[in-house]
Protein chains: 4
Amino acid sequence: MVTAKTTPRGRPRDARAHAAILTTAAELVTETGYAAMSLGAVAARARVGKDTIYRRWSGKAELVYEAVFTTTDTAPVPDTGTLEGDLTVLVQQLIDEFSAPAAAAALPGLLADFAAAPELRATIRSAFLAPAKQRLADVFDRARARGETVPGVESDLVLDSLVGTVLFRLGILGEPASPRLARSVAGIAAKGIEAR
Amino acid sequence: MVTAKTTPRGRPRDARAHAAILTTAAELVTETGYAAMSLGAVAARARVGKDTIYRRWSGKAELVYEAVFTTTDTAPVPDTGTLEGDLTVLVQQLIDEFSAPAAAAALPGLLADFAAAPELRATIRSAFLAPAKQRLADVFDRARARGETVPGVESDLVLDSLVGTVLFRLGILGEPASPRLARSVAGIAAKGIEAR
Amino acid sequence: MVTAKTTPRGRPRDARAHAAILTTAAELVTETGYAAMSLGAVAARARVGKDTIYRRWSGKAELVYEAVFTTTDTAPVPDTGTLEGDLTVLVQQLIDEFSAPAAAAALPGLLADFAAAPELRATIRSAFLAPAKQRLADVFDRARARGETVPGVESDLVLDSLVGTVLFRLGILGEPASPRLARSVAGIAAKGIEAR
Amino acid sequence: MVTAKTTPRGRPRDARAHAAILTTAAELVTETGYAAMSLGAVAARARVGKDTIYRRWSGKAELVYEAVFTTTDTAPVPDTGTLEGDLTVLVQQLIDEFSAPAAAAALPGLLADFAAAPELRATIRSAFLAPAKQRLADVFDRARARGETVPGVESDLVLDSLVGTVLFRLGILGEPASPRLARSVAGIAAKGIEAR
DNA sequence: ACTTAACCGAGACGGTACGTCCAGTCTTACT
DNA sequence: AGTAAGACTGGACGTACCGTCTCGGTTAAGT
């Protein structure tokens, strides 16, 4: 592979400005909510020109997405010994991720903007869901290796079901993240898959 | 119950204006999307003053909700003889409802506004989900009457799971409403419930 | 004459807002100068929305013109008994008008904007110069009535000469309005005209 | 006088860049007008860094002034044998200078910026008017040498009058440079001076 | 028939955010 | 030290909406 590696010309972008914008965006979205957060306010509080924001992100949706979901999914792939147990851990990870204050404040408006912009829609699957999808695939592989009957299951559908359920409960309905939620959701899914 | 029934004084509200606003709102949201639709544009196209809108609805979210989801859920309660069959029909009803052009255009933004406004959040369960919830309860009752083992299932959770999954696939991801979707989603749910 | 007299519809424009904008514009242009004055600042200080300004004036030039040159040229037509005397008074009137603090601050930038906008250029003659032109014509008429030889003089040229000279000295060069200036300028013009 | 003559250290300034900037500035001001011309655009088209401009000129006004009025007044001092004739030639020289496309495009905005900046105001007399002032003085001297009565005339005032008139007609009003203009303007001035 | 009161279309109101542009400065690597 | 490139802060631009308010005028019900 030939990396073109064009020599960068001119003044390089300021990493401190970059970081300040992201931090401020996460703060403001948490304080005021997605709709009420303006890029002008982010610029002012981060002591940055508006151009410096628009130079890096195309708009509010992209900025907030990066600001809120950059705690980079380093969650470990669960390994509890059973499919149901693994799924429970996985669902709990989703719950934790979506329950963080900034995420909870950002999610509904963010998803609406992504849904409305065709060019951003693809990002949801490719960036937002990708880490969880990988973890789910690992969980399934391990289940098969254990000899559990996991039929050729449509893993995208299962993932959408888990994510959609959690997102709807927490993001849209705003229900509290009850501790039983992960077990219930994972329970139905696990039994539903195994019984097919 | 004593309905206070204060006699209305002055000129009664114009029913034609009411209808024109709802029709226009549904049209505009379909054409331009939820975010890009302004109440000023609705007023102008409906040849109505802005106040005439604000006198009846508190804002965009409430107006669009009424404009788009007034085809009043007259869907029949499914009765196919099996829990899985009934759920499949029920899920297909949800899919149809959410796939209508106006609904598809309105849903993401609408849910975001509802989620962001605490006083509207409750409306989602009480108005948006209520009809489907009733149908689901009927389906469960019928299953129990047939002797199928339906444990004391958390019906809210099942409903949120079905709705959340469908909404996420269609509304957020914008995936086409494949004909197999209803069967797959209902299948997992039915098996998951029965196997508990 | 048939005045079309279209019935005004909707809320009438607020005369107090109108006045507040003009007053504030005159203040700000005097304080900060034409170039540094922003319509946003005018709106903020007049406690008025920016739209309320743009609804009435097309831009900074038109607003400042009206704000600064509305003290309506009520200067009397001079009548001293000689052409030179009359012209001296007339030039002094120009000097006084252009020396007022707001006018002095506004003139150079204002004329530049007018000159740059073809649709505004005509306004200079038709509005800005018209009152002085009328006074000059009266002075010439009176001179002829007295029997002074005032050949078929190009009055536009004489006016442009007087105005251009005064404007250049005061507005562009910023020289102080010396008391001898009016006499010198009028003297050359009067002798020049009579001697032809 | 001791010219300090500090030995220049480091890389000397690029004369080609200097010329390219001036040429481009003259082009752009002619194409787009003074107000719409940005130094960034000049830099880009001249393939030069913005700093290279700011290192040599303090801003738009100084750059455009040098770019447009560098045809360095090499106009010959007129010598027609009469004061009126000489003045006519002199005024025509002014007209020609101000009618050039770049000058016509630059003048109104340029004068406004000069007028607004106290430190630039002096430049108008010392640089912009100086050549014409010298020519005018020569014309007067010659007239006196011929025995024409040229009283101790305020030559600054006469010059301001000629320049102000021409500038106002061409630069501000944008009137075409009619061929009779020079004769009329010079005629009034000559007669006005002689008759005193 | 006359009053009363809420309705109506139209559009102006104060305010806020948008996304773009420019000024003038600064920071790279290179010459 | 000068250079091209381009990022930096700051701020104005003119537009679009929001939700409210203010007109003149309309439409009933209650007198």
Side-chain angles (χ1 to χ4, degrees), chain A residues 7-18 35-44 46-56 58-60, chain B residues 7-14 16-17 35-41 43-44 46-60, chain C residues 7-18 20 35-44 46-56 58-60, chain D residues 8-14 16-18 35-41 43-44 46-56 58-60:
Chain A
T7 314
R9 307 234 284 163
R11 176 176 176 176
R13 296 204 176 157
D14 187 338
R16 294 206 316 283
H18 199 93
M37 184 198 88
S38 76
L39 294 198
V42 174
R47 313 217 88 239
V48 142
K50 281 207 286 180
D51 265 8
T52 302
I53 297 182
Y54 283 104
R55 207 175 286 124
R56 294 152 204 261
S58 70
K60 181 152 72 166
Chain B
T7 313
R9 304 235 295 160
R11 175 177 176 177
R13 294 193 178 164
D14 186 339
R16 294 204 317 281
M37 185 197 87
S38 75
L39 292 200
R47 316 214 89 242
V48 140
K50 283 208 286 178
D51 268 5
T52 303
I53 297 181
Y54 282 104
R55 209 173 284 124
R56 295 153 204 259
W57 296 277
S58 70
K60 181 152 72 166
Chain C
T7 313
R9 306 235 282 164
R11 177 175 176 176
R13 296 200 175 161
D14 188 338
R16 295 206 313 284
H18 199 93
M37 185 198 87
S38 77
L39 293 199
V42 173
R47 315 218 86 240
V48 141
K50 280 207 287 179
D51 264 9
T52 302
I53 297 181
Y54 282 105
R55 206 175 287 125
R56 295 153 204 262
S58 72
K60 181 152 71 166
Chain D
R9 305 233 295 159
R11 174 178 177 177
R13 293 195 178 164
D14 186 339
R16 294 205 317 282
H18 199 93
M37 186 198 86
S38 74
L39 292 200
R47 316 215 88 242
V48 141
K50 283 207 288 178
D51 269 5
T52 302
I53 297 181
Y54 282 104
R55 209 173 285 122
R56 294 155 205 259
S58 72
K60 180 151 73 167

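Residue numbers begin at 1 in each chain, while the letters A, B, ... track the order of the sequences.
Side-chain nitrogen and oxygen atoms of D:R56 include at least one within less than 4.0 Å of the OP1 or OP2 phosphate oxygen of F:dT3. Taking 4.0 angstrom as the limit, A:T52 places none of its side-chain polar atoms (N or O) nearer than this to OP1 or OP2 of F:dA7.
Among residues two or more places apart in sequence or in another chain, the side-chain contact (heavy atoms from CB on, under 4.5 Å) test is passed with A:A44 by none. Listed by chain and number, the residues in a side-chain contact (heavy atoms from CB on, under 4.5 Å) with A:R55 are A:R13, A:D51, A:T52 (sequence neighbours excluded). In terms of the side-chain hydrogen bond (donor to acceptor under 3.5 Å, both in side chains) criterion, residue partners of D:R56 (sequence neighbours excluded) are, by chain and number, D:H18.
The NZ atom of B:K50 lies 8.0 Å from the OG atom of B:S38; values are rounded to the nearest 0.5 Å.
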Heteroatom pairs (N/O) under 3.5 angstrom, protein to nucleotides 28-31 of chain F:
none

Below 3.5 Å is the cut-off: list the nitrogen or oxygen pairs between protein and nucleotides 15-19 of chain E, distance only.
{"from": "E:dG15", "atom 1": "OP1", "to": "C:R47", "atom 2": "NH1", "distance (Å)": "3.4"}
{"from": "E:dC18", "atom 1": "OP1", "to": "A:L39", "atom 2": "N", "distance (Å)": "3.3"}
{"from": "E:dC18", "atom 1": "OP2", "to": "A:L39", "atom 2": "N", "distance (Å)": "3.0"}
{"from": "E:dC18", "atom 1": "OP2", "to": "A:G40", "atom 2": "N", "distance (Å)": "3.2"}
{"from": "E:dG19", "atom 1": "OP2", "to": "A:Y54", "atom 2": "OH", "distance (Å)": "2.6"}
{"from": "E:dG19", "atom 1": "N7", "to": "A:K50", "atom 2": "NZ", "distance (Å)": "2.8"}
{"from": "E:dG19", "atom 1": "O6", "to": "A:K50", "atom 2": "NZ", "distance (Å)": "2.9"}

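Along DNA chain F, the nucleotide nearest D:A17 and the nucleotide nearest A:A17 are compared for position; the residue whose nucleotide lies closer to the 5' end is D:A17.
Contact record, C:I53 with C:L39: CD1-O, 3.8 Å, taken as the closest heavy-atom pair.
Residue contacts shown for B:R16 are absent, as no nucleic acid heavy atom lies under 4.0 Å away.
When the P atom of F:dT9 is taken as reference, atom CG of A:D14 falls 7 Å away, rounded to whole Å. In this structure, CD1 of C:I53 is placed 13 Å from C1' of F:dC13, rounded to the nearest angstrom.
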